[in-house]
Trainee: 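Before we start, here is the structure in question, set down as structure tokens.
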Amino acid sequence: MHNPAWRPARLHTERLASIQHHFIDERPADSNTGKPVVTHTLPVHMAVAAGHPANALQPHYLVDALTRQLNIQTSAITEHPDWQLETIPLEHEATNANQGFILVFATANLEGVRLAYSGIKMLSATPSRQFGVLFSGARDAEFARLCQERLASGAWRFLGIRLHELGQLSAPGPNFSADLARLAEAVHRLWGTHSIHNQLEVDHT
Amino acid sequence: MTLQIHAVAEIEPSELRSLVVDNLGALLGEGARLVENMPQIDGCCLATSDTHNGSVLLSFDAVDPQRALLTGLARVDQLGSEMAALFLQDYQPPAELLILAPAAPPGLTLFSVACPVSWRHIQVLSVNGEFGMVINPAAEEMTAAEPIPLQRQPTIVESVLNPEEEQHFSQL
């Protein structure tokens, strides 16, 4: 029989794990081991409409939470991963050729879809770029699917680009940890496929 | 024939709207017209003036000037959004807000320094049982300041999408 004292401790651990996205560091602590740190830069295009719901996932929260999640999930593969999500200003996008995979975060409404498409159109001036689109703020899954379909069909029809659909991520709630983990896994996979030249080894001293 | 004329304290918004539409020429100059296909906005109507070659949002209230001003400001904000452009072909957001009310709205002097907002005095009369509107010229002090255009810069969406794409992304 297990010592009953273990059970609360295990529950605490699980609870902490489920809410760990709330504890976001300003910057990940630098490991001072002298071992190389692999820096991954993930460019993000924010297609956040003026009417982005207050109860939807907010852009800065996405950046912080996904950065942390990517660092946690990829630490099993890379010894010292250092993910950096960078919001890219549109006016510089066409000249930044080193961005193979770009995450697009869009408000799930018509204006968000239009903003996302406009950004993708400008970004696609550089060939071979891939785009993963994540929506937030839809009133239900069906509406989010409508947004995805409208954007995907337009991107294919006018730009010849197949978008990678990353679904919808709601504001932090009961399922947020699991959804964030799935998103990080998908982003990591897509980034690994399309942005292998984007890695940079940096020695932290 | 004796004319029975008296000031009207209460008038239905739809009747006041009709009066304003009938008097667009007097308010904005010859050639003034309503913007076509404009969805009706409560208490306001959007008009363009050929004379000034720009769009003017009219906000009117027969009794309460403050309500006319606040409603007008809210609608300018609303119409400035990109959503408004989705409903209309060749849509231009309002370049000027014109308040039609029986008195100057409180705070108008302050607003008119920063925004192209002006006021025209109107009074609704009943003449032998029919409504009419008296429009007084604009006060000098209200038009002296050079307005700062409300016109926004074209957004990324407007500058990037071609007509075919506009059509595709006009609805979900």
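Each chain gets a letter, A, B and so on, in the order the sequences are listed, and its residues count up from 1. Side chains included, hydrogens not; waters and symmetry mates left out as well; all remaining heavy atoms used.
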Trainee: Can you name the closest pair of heavy atoms from A:Asn109 and B:Leu172 and give their distance?
Mentor: C-CD1, 4.4 Å
Trainee: Any carboxylate oxygen within less than 4.0 angstrom of a Lys/Arg side-chain nitrogen, looking at A:Arg157 and B:Glu165?
Mentor: no
Trainee: More than 12 heavy atoms of other residues, nucleotides or ligands under 6.0 Å from CD of B:Glu10: yes or no?
Mentor: no
Trainee: Specify the closest pair of heavy atoms between B:Ser170 and A:Leu110, including all atoms of both residues, with the distance to one decimal.
Mentor: O-CD2, 3.4 Å
Trainee: What pairs with A:Ala184 under side chain to side chain contact (heavy atoms under 4.5 Å, CB included), at least two apart in sequence or on another chain?
Mentor: A:Leu66, A:Gln69, A:Leu70, A:Gln73
Trainee: If we ignore hydrogens and angles and just use 3.5 Å, is the side chain of A:Arg114 paired with the main-chain N or O of B:Phe169 as donor and acceptor?
Mentor: yes
Trainee: Heavy-atom count check: over 12 atoms from other residues, nucleotides or ligands less than 6.0 Å from A:Glu149 CD?
Mentor: yes
Trainee: How are the rings of B:His168 and A:Phe158 set relative to one another: parallel (under 30°), tilted (30 to 60°) or perpendicular (over 60°)?
Mentor: perpendicular
